[in-house]
Number of protein chains: 2
Amino acid sequence: MVVSPIQRGTLFGRIPVTKVSPVVEGGAYPAKASVGEAIPIRATVFREGHDAVNASVVLTDPQGRERVEPMHRSTPAGFDWWAAEVTLETEGAWTFRIEGWDNPWETWVHNAEIKIPAGIDVALVCTEGKALFTAAAERAEAAGDPAASALLGEAAVALDSGQQVEDRLQDVLGDDVRDAMAAHGPRELVSPTPDYPVFVDRQEATYASWYEFFPRSQGASFDAATGRWVSGTFDSSHERLAAAAAMGFDVIYLPPIHPIGTAFRKGPNNTLTPGPADPGSPWAIGNVDGGHDAIHADLGDFASFDRFVARTRSLGMEVALDFALQASPDHPWVREHPEWFSERADGSIAYAENPPKKYQDIYPVNFDRDREGIYAECLRILQLWMSHGVRIFRVDNPHTKPVDFWGWLMAEVRRTDPDVIFLAEAFTKPAMMHALGKAGFQQGYTYFTWRNEKWELEEYLTELATESDSFFRPNFFVNTPDILPTFLQTGGRTAFTIRAVLAATLAPTWGVYSGFELFENAPIGPGREEYLDSEKFQYRPRDWAAAEASGENLNLLLGTLNAIRREHPALQQLRNLHFHHAPHDSVIVYSKRSDADVVLVVVNLDPLNGVETELYLDMEALGLGAADVFWVHEELTGQTWRWGQRAYVSLTVQDPAHVLTVVRQGPSRQLATPVTEQAEVSPVPEPDAGGPAPAATTTTAGR
Amino acid sequence: MVVSPIQRGTLFGRIPVTKVSPVVEGGAYPAKASVGEAIPIRATVFREGHDAVNASVVLTDPQGRERVEPMHRSTPAGFDWWAAEVTLETEGAWTFRIEGWDNPWETWVHNAEIKIPAGIDVALVCTEGKALFTAAAERAEAAGDPAASALLGEAAVALDSGQQVEDRLQDVLGDDVRDAMAAHGPRELVSPTPDYPVFVDRQEATYASWYEFFPRSQGASFDAATGRWVSGTFDSSHERLAAAAAMGFDVIYLPPIHPIGTAFRKGPNNTLTPGPADPGSPWAIGNVDGGHDAIHADLGDFASFDRFVARTRSLGMEVALDFALQASPDHPWVREHPEWFSERADGSIAYAENPPKKYQDIYPVNFDRDREGIYAECLRILQLWMSHGVRIFRVDNPHTKPVDFWGWLMAEVRRTDPDVIFLAEAFTKPAMMHALGKAGFQQGYTYFTWRNEKWELEEYLTELATESDSFFRPNFFVNTPDILPTFLQTGGRTAFTIRAVLAATLAPTWGVYSGFELFENAPIGPGREEYLDSEKFQYRPRDWAAAEASGENLNLLLGTLNAIRREHPALQQLRNLHFHHAPHDSVIVYSKRSDADVVLVVVNLDPLNGVETELYLDMEALGLGAADVFWVHEELTGQTWRWGQRAYVSLTVQDPAHVLTVVRQGPSRQLATPVTEQAEVSPVPEPDAGGPAPAATTTTAGR
């Protein structure tokens, strides 16, 4: 038998278009975008010989309406790279394709500009040009653009007139004619790529501030009479909602709210010997009272949950629920659907293990024994909570479930409910993290937690912003109930400030687990990154009022950061990040720009020492010329300085970061706040931003 | 209308397999391989959770027969990269796919090795293992492998015996059992990618030595009586065939052999005023005597061409013809098929131009006005020459013709004549050069001509050997009738030696245009890279006998290089290139390895100065251990030295290169040739091969 393989991929068209991006797994999954987000479309477009080539993007919106946007040659020259930045305005399933085409107009202009001044073939060139203009005028007329048609008609006549030839050329190559020809000029040998999918999520998929807390801790109290705890409830958590709203958060994320298993329940600090009053880990889901579709009676019922959701909404926020696909041995699934779990050779159900460790309180789901059954059940559970107003799910350990299951589940949800957002809690190797993003997760947890050095932050953020951006959106949590980073354990209040500023300004989505603002930093043991007395295993009511009174509270900074994020569109995007040069190893400098909005951030990554250093700014990335002088407004303190391409900063242990907005002219705020020139601008800023250079001439005492 | 986009690409399977290579344009074109060539297959393969994953390549030969080869985890760890090196033995259209699969055997081994020594679940582990062995024994039996079946059956029994558990485990985890389980163990959740095409060309597509000459010059003579030249012919060129064979070349490439246009014929040195006796450029094809399907009467006729082809074959070589799709104004096509050319606005046929330059002796073909007609004509011409024994074509300026035309033409030829090879003469931007390779050209000219510095040679060769290798095969010509590189103009005999050694050992296919061996190096003008008195426009008979007598001839070196290439399979492959470290900026060091055959080359890139330097060898790339001591045999001079990880070389202006074969033990040749220890080996070679280090302890006077 001789095999005749099926044709895969796409053969070159008449005008080759290759290396198209963003294309995820050959187009099997949509690239990511969100409403109003600027996304780059790129391709390599070229042709044979010397004639001019051009390229366009054709966008098709969810209603099937097409629009064409021009592409531009991209740098470095010589690689035939073309690019366009497009903004997709409406939620839903878009597609794009690229069209390469022959551009006889540009070829003619190139030839005419050389030949006519040189007196070569002048009559012939004019005849060719006249034909191009006449045809374009007809297309403009047909397209309902009579002004362009008239202009192009005049150009055709001009080429035929008795004027001096050079003048005629000048006449017909004005900006108005060029614009009209860009709109109505010839497009020959049009060579389209296939249409590739892009899904436009609502803005919250890209930009939001998350706050996580355990409702059972909010209002919990120890009853000395019974020797037992009285659990906090949804209703007693309303005050925490108000506090989160005051800090400017958008999403309230709750750990699982379902009945908690009793078999092999864990005690405080993950011990195996719980007391009768210990509440257990919320992630050990299910007991005789129900499973993933039930609410833990200690927290309330569906009515109080609905009140909680409504209160959250009324504060301008929304609720995210945990979706943890595992069962305690008491979960109803275990009795009703043993086929959803793995069976061991002795007939028992396999609990989770990573030999020699055993996790007997959790049965992992087996997705291969009754795919149809377990798939349908998972969808049913999501739909239940969606019907109670939950439109965001934080998915626990998705990397321990099959990727193709997630691809199916999310496509199903998206089909009917395109506004639902999934956050992947996957801390694992890059291939899996990327695959989950490609398969449909709108967001993922990241390695940010363990990136503290300047070089590794620059490298990782560059990857996130420019390499994995079409399929992986980061959510920068500064801490989680599982992770108390070493940096926070040892760096004091300054460390918390540094990490909050970094997370809130590097990533458009960031998150805080409550307790962070109170500088909780006690680990369960030396070299460990888990919390002592973790809220996962016990009640942790906090004395918010006392923290407020003492000022031992980062809530004001968190609120300020979220307010700055809300005010500045530049901070609401991922792909617009640009790093600048500071010679000092512990000082990181970056900017984000969205049209006229430019935010520049300078952070000292060393929580234990202040630092003074020069900065060398990439002025083009700020939308400025190399010699420009501009004002920076410090959004955290209200100060204003005058800067140039070289600047000087002094960062202290008390104030380790500047969050600056860039203003071309002296801002009106300078009248309210005295202007301090933190750095005298060099008279002639030097373009050399890469190497050591003499320090700026004067410095001030700083802040 | 709501658009439902067609599914493109490939969704993740149960076990995700992504980033598969080699895949060219999504599988639209076959990846390149040649008979017997080792090619790398790569993918990222991973799975959820902790169970073991594995991957295989399934190869399908042109007859549809499948075979499975194992893949191995690749470095760096943590990226889930898998790789296999496969060798495809037969010419034709192969496919490959990758299968990711769940490996319960490896999962069991991992668990058993932890749990049994720790005394955890021992009975259960044994029961599980017994079931795995029993099932595998049955599969081995069914597969006709009774020895494995028996072995696995014994393993199953051993797990059930009364022995000490640890001993049982040791018994069942022997290499023989592991091998049997690799062959017959369980493969679950098998997840195949699509089948991707690979075309296996005959070996000459990858490995050959080319020699180019103009038959009209061979035996040409000036007749003083008539004042005209008598042209050389195919018959008078047979002596050059013998000379090329003596130098070890494989392919004889002839510039166009067709009638030459008379309209606007070029004179010597590309002048516009030819004399009546000037022969014109062979690339100005066609006159009243015929076009691409005719033979220039001065060279002979089809009978003498057939004799020439037969003589070439009898010498163990083959003929490559030029395929230049352009016409002189006298070409029969112009009269019979004006629709195959572009028409200008005044009705005339457009000649080639790059304003303000005009090339009035050439009409470029327009492939868009009568695609069917011109496509069929091009195929007819190729088939004519193929029927006269031409199986290699060197295509002139393919980057000025549409890429999709070449894709069509080569697929048509390959369909009936899979042995025909096309070399693209494209000196242009990377996107086009790569596209031509993808569309079907088996080989391309390269930028090697202008890569003279160590850093740029290393960078370019790394790209060729590891990045573009699946779609672009280089042919390293040291010169062409169009290009006399500056390096050869100024570096004397040493420069010619350097470039010959580099081309012959860096690339499996290389080429020489005759005259190179005579050190012809006069440019048409300062700063120009064209030959003075170029053979393109005039007869250039050469006094081969005098060159032979005087020794002013590189023929012996060329012959030696081609003999070394023939003897060493390592030099017949592209992808096996590895660079080593020499601290000196002008000394380049590289090796090629194919199984036991290892060739190591050291070249001084400075033709004007000798150099002495240390070398730091990457021993693993040579198939050696860091502390190994080995012999190197200098193939150009017959000397033999003893080397270690650090070595020392002295390269002179007379002998600027070493071509060394690596021998683990002292070679028998050492008896015939006195062994010189060019470098004393350090007692403990240091692994630090990257930075400066103390020189080797002693050196010899060298050669």
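So you know, we letter chains A, B, ... as the sequences are listed, proteins then strands, and number each from 1.
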> Do NZ/NE/NH1/NH2 and the carboxylate oxygens of Glu25(B) and Lys438(B) come within less than 4.0 Å?
Replying inline: yes
> Pro355(A), Gly407(A), Ala439(A): which one forms the most heavy-atom pairs within less than 4.5 Å of chain B?
Replying inline: Pro355(A)
>> Need one label for His399(A): side chain, backbone, both or neither, based on atoms under 4.5 Å from any heavy atom in chain B.
In response: backbone
> Given a strict heavy-atom distance threshold of 4.5 Å, which part of Ala118(A) is in contact with chain B: side chain, backbone, both, or neither?
Replying inline: neither
>> If the threshold is 4.0 Å, N to carboxylate O, is there a salt bridge linking Asp121(A) and Arg344(B)?
In response: yes
> Does Asn111(B) reach the side chain of Trp108(B), with side-chain heavy atoms less than 4.5 Å apart?
Replying inline: no
> Top residue by heavy-atom pair count (under 4.5 Å) with chain A, among Glu353(B), His110(B), Lys19(B)?
Replying inline: Glu353(B)
> For chain A, which of Gly13(B), Pro16(B), Pro402(B) has the most heavy-atom pairs under 4.5 Å?
Replying inline: Pro402(B)
> Contact part of Ile114(B) toward chain A, heavy-atom cut-off under 4.5 Å: side chain, backbone, both or neither?
Replying inline: side chain
>> Between Thr60(A) and Phe96(A), is there a side-chain heavy-atom distance shorter than 4.5 Å?
In response: no
> Which region of Lys115(A), side chain (C-beta onward) or backbone (N, CA, C, O), has a non-hydrogen atom less than 4.5 Å from a non-hydrogen atom of chain B, or is it both or neither?
Replying inline: side chain
> Between Lys429(B) and Glu48(A), is there a salt bridge with N-O shorter than 4.0 Å?
Replying inline: no
> With a 6.0 Å cut-off on ring centres, are Phe199(A) and Trp94(A) close enough?
Replying inline: no
> Between Asp368(A), Val45(A), Val403(A), which residue shows the highest count of heavy-atom pairs closer than 4.5 Å to chain B?
Replying inline: Asp368(A)
> For Arg47(A), is it the side chain, the backbone, both or neither that has a heavy atom under 4.5 Å from a heavy atom of chain B?
Replying inline: backbone
>> Is the distance from the ring center of Phe427(B) to that of Tyr447(B) below 6.0 Å?
In response: no
>> Is Ala131(B) close to chain A through its backbone or its side chain, or both, or neither, when contacts mean heavy atoms under 4.5 Å?
In response: neither
>> Strictly below 4.0 Å, N to O, side chains only: are Arg14(A) and Glu188(A) in salt-bridge contact?
In response: no
>> Can you tell me which portion of Pro356(A) sits under 4.5 Å from chain B's heavy atoms? Options are side chain, backbone, both or neither.
In response: both
> Most heavy-atom pairs under 4.5 angstrom with chain A, which of His434(B), Lys401(B), Glu128(B)?
Replying inline: Lys401(B)
> Do Phe405(A) and Phe367(A) make the cut of ring centroids closer than 6.0 angstrom?
Replying inline: yes
>> For Asn397(A), which atoms come within 4.5 Å of any heavy atom of chain B: side chain, backbone, both, or neither?
In response: neither
>> Between Leu124(A), Leu436(A), Ile120(A), Asp51(A), who has the most heavy-atom pairs with chain B when the cutoff is under 4.5 Å?
In response: Leu124(A)
>> Using every non-hydrogen atom in the two residues, find where Asp404(B) and Phe12(A) come nearest and quote the distance to one decimal.
In response: CB-O, 3.8 Å
> Which atoms of Asp346(B) come close to chain A, meaning under 4.5 Å heavy atom to heavy atom: side chain ones, backbone ones, both, or neither?
Replying inline: both
> CG of Asp396(A) to CD of Glu425(A): how many Å apart, nearest 0.5 Å?
Replying inline: 5.0 Å
> Do you know which of Thr127(A), Thr18(A), Thr44(A) has the most heavy-atom pairs with chain B at a distance under 4.5 angstrom?
Replying inline: Thr18(A)
> Between Ala435(A), Ala426(A), Pro364(A), Gly92(A), which has the largest tally of heavy atom pairs under 4.5 Å with chain B?
Replying inline: Ala435(A)
>> Between Ile15(B) and chain A, with a heavy-atom cut-off of 4.5 Å, which part of the residue counts as in contact: side chain, backbone, both or neither?
In response: neither
